[in-house]
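One structure is given below, encoded as C-alpha cells.
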Amino acid sequence: MNLISALDLPKLIDISAVRTNVTEQEVKEVAKIANKYGFICAFAMPCYTELLKKELGSDTKVHLGGVVGFPSGADTTSAKILTAKEMISLGCDEVDMVINVGALLSGDYDFVKNEISEIKKIVSPIPLKSILEISYLDEEKIKIGTELAVEAGVDFVKTGTGWAKNPTTVETIKLISEVVNNRCSIKAAGGVRTLKTLEDMYVQGCRRFGISLNSALSILREAYEREGLEFNN
C-alpha cells in the first residue's frame with residue numbers, strides 16, 4: 001500500500017510562486033492549479049498576495065498564504081511586523097516568516113526568539129511557520145534555531161525559503177523532528193522534487209511541504225501514475 005495516496009497528497013503541499021522572476025500569469029496559474037487539485041495552501045510574494053487571493057476566488061477551499069521577511073530574514077523587526085499586519089489585513093490564512101539568520105549565527109538567541117514571538121502575537125490564531133534557512137546553518141545552529149522557534153510558539157518549523165543553494169534533506173528533517181519532539185509541526189521547502197523524497201520526509205515527521213508550481217505538478221503526476229490514475233493538467 002502506498003504511504004500517501006494521490007488524492008491525499010495535495011493536502012500536504014503548499015504550492016508557491018515566490019521566486020524573484022515570478023510573473024502575474026504564473027500567480028494566476030498557481031491559483032488555478034491549487035483550486036483544481038485542492039492544494040492546502042497557496043503562496044505568492046507580498047506584491048502579488050492580493051492578486052492570488054482574487055484568483056483563488058471567494059469560494060475557494062485553498063488557504064491563502066503570506067510571506068514575511070522573504071527571502072533573507074534580515075528586515076528590521078518593525079518592518080516584519082508591518083508586513084505581517086498587511087498579510088493579515090489581506091485575509092491570509094497562514095504566514096511564513098524568515099527568522100533573522102544573521103542573529104542566529106551571531107548567537108543573539110534572545111533577539112531571534114523575541115522576534116518570532118512578536119510576529120506570532122500578530123498573526124495568532126492563524127498558523128505561523130518559522131523559516132530557519134538551514135542552508136546557512138550547521139547541525140548545532142539548526143537545533144538551536146528549532147528550539148527557539150518552538151519556545152516562541154510557532155505552529156511549524158520550516159526548513160527554508162527555496163532560495164538558498166543547498167536543498168533540504170531527509171536527514172535534516174530527522175534532526176529537526178528530534179528537537180521538535182511533537183511540540184509543533186514541520187514544513188520542508190527547498191529541494192523537494194520527487195515523490196520519494198516527500199514520502200521519506202513524511203516518515204521522519206514532516207507534515208507540510210512547500211513546493212513550486214512545476215515541481216508540485218510533477219510530484220502529483222508521479223502519485224497519480226503510481227496508482228494507475230489518469231493525470232490531466
Side-chain angles (χ1 to χ4, degrees), residues 9-57 60-73 80 83-84 86-88 90-99 123 126-135 154-168 173 185-195 197-198 201-202 206-223 233:
L9 185 59
K11 300 172 186 175
L12 302 174
I13 295 176
D14 293 349
I15 188 169
S16 63
V18 292
R19 304 185 321 278
T20 298
N21 60 339
V22 165
T23 63
E24 291 184 7
Q25 185 55 45
E26 186 171 342
V27 173
K28 292 177 180 179
E29 186 67 13
V30 163
K32 175 184 174 182
I33 295 299
N35 278 328
K36 179 177 181 179
Y37 292 107
F39 288 104
I40 190 167
C41 194
F43 283 82
M45 293 297 277
C47 66
Y48 287 134
T49 302
E50 192 168 8
L51 173 63
L52 178 60
K53 179 181 180 179
K54 176 184 175 183
E55 293 296 319
L56 285 171
T60 186
K61 294 182 179 179
V62 179
H63 291 177
L64 177 67
V67 297
V68 174
F70 244 68
S72 72
K80 288 182 176 179
T83 304
E86 185 173 17
M87 293 301 102
I88 297 303
L90 288 173
C92 288
D93 302 297
E94 302 185 9
V95 169
D96 288 22
M97 184 202 74
V98 188
I99 69 166
V123 306
I126 73 169
L128 174 65
K129 307 188 194 86
S130 186
I131 304 170
L132 301 182
E133 202 65 296
I134 51 120
S135 185
V154 298
D155 301 276
F156 288 82
V157 172
K158 180 180 173 184
T159 60
T161 61
W163 288 50
K165 180 179 179 181
N166 298 326
T168 297
I173 296 299
S185 299
I186 301 171
K187 176 179 174 179
V192 184
R193 298 190 179 92
T194 68
L195 182 58
T197 298
L198 187 151
M201 290 179 176
Y202 185 89
C206 191
R207 290 299 180 268
R208 193 75 74 88
F209 302 87
I211 306 177
S212 64
L213 174 61
N214 290 335
S215 293
L217 286 173
S218 176
I219 291 170
L220 193 57
R221 180 185 294 276
E222 280 190 77
N233 178 43

Exercise. Apply side-chain hydrogen bond (donor to acceptor under 3.5 Å, both in side chains) to Asn166 and list each qualifying residue two or more places apart in sequence or on a separate chain.
Key: Ser135
Self-check item: Atom pair OG1/CZ of Thr168 and Phe209 - distance to nearest 0.5 Å
Solution: 10.5 Å
Practice problem: Search all heavy atoms of Pro46 against all heavy atoms of Met87 and return the closest pair with its distance. | Solution: CB-CE, 4.0 Å
Quiz item: Sequence neighbours excluded, which residues qualify as salt bridge (Lys or Arg N to Asp or Glu O under 4.0 Å) partners of Glu94?
Solution: Lys129, Arg208
Self-check item: Least distance between heavy atoms, Ala42 atom then Val30 atom
Solution: CB-CG1, 4.1 Å
Self-check item: Residues in salt bridge (Lys or Arg N to Asp or Glu O under 4.0 Å) contact with Lys36, at least two apart in sequence or another chain
Solution: none
Quiz item: Under 3.5 Å, side chain of Lys32 to main-chain N/O of Glu55, donor-acceptor pair present?
Solution: no
Quiz item: What side-chain hydrogen bond (donor to acceptor under 3.5 Å, both in side chains) pairs are there with at least one residue in residues 18-29, not counting sequence neighbours?
Solution: Arg19-Asn21, Arg19-Glu26
Exercise. Report the distance from atom CG of Leu213 to atom CD1 of Ile15, rounding to the nearest 0.5 Å.
Key: 4.5 Å
Quiz item: Quick one: does Met201's side chain get under 4.5 Å of Val192's, heavy atoms only?
Solution: yes
Quiz prompt | Listed partners of Ser130 passing side-chain hydrogen bond (donor to acceptor under 3.5 Å, both in side chains), at least two apart | solution = none
Quiz prompt | Atom pair CG (Asp96) and OG (Ser16), whose distance is rounded to the nearest 0.5 Å | solution = 9.5 Å
Quiz item: What's the spacing between Cys206 SG and Lys158 NZ if we round to 0.5 Å?
Solution: 11.0 Å
Quiz item: Which heavy atom in Met97 sits nearest to a heavy atom in Leu128, and how many Å separate them?
Solution: CB-CD1, 4.1 Å
Quiz item: Val27 and side chain to side chain contact (heavy atoms under 4.5 Å, CB included): which partner among Thr49, Leu52, Val18?
Solution: Leu52
Quiz item: Hey, which of Leu198, Leu217, Leu220, Leu12 is the one that makes side chain to side chain contact (heavy atoms under 4.5 Å, CB included) with Ile211?
Solution: Leu198
Quiz prompt | For Thr197, side-chain hydrogen bond (donor to acceptor under 3.5 Å, both in side chains) partners two or more places apart | solution = Thr194
Quiz item: So, do Ile126 and Asp93 sit near enough that their side-chain heavy atoms are less than 4.5 Å apart?
Solution: no
Self-check item: Point-to-point distance, once rounded to the nearest 0.5 Å, from CD1 of Ile13 to OH of Tyr37
Solution: 12.0 Å
Exercise. Kindly determine whether Thr159 and Leu132 satisfy side-chain contact (heavy atoms from CB on, under 4.5 Å), including the steps that lead there.
Key: CA-CA 5 Å; Thr159 60; Leu132 301 182; over 6 Å; no
Exercise. Kindly compute the distance separating CG (Leu51) from CG (Leu56), expressed to the nearest 0.5 Å.
Key: 9.5 Å
Quiz item: How far apart are the closest heavy atoms of Thr161 and Trp163, and which atoms are they?
Solution: OG1-N, 3.0 Å
Quiz item: If you take all heavy atoms of Phe43 and Asp14, which pair is closest and at what distance?
Solution: CE1-OD2, 3.6 Å
Quiz item: Considering only heavy atoms from C-beta outward, does the side chain of Arg207 approach that of Tyr202 to under 4.5 Å?
Solution: yes
Quiz item: Closest approach of Ser215 and Arg193, non-hydrogen atoms and distance?
Solution: OG-CG, 3.9 Å
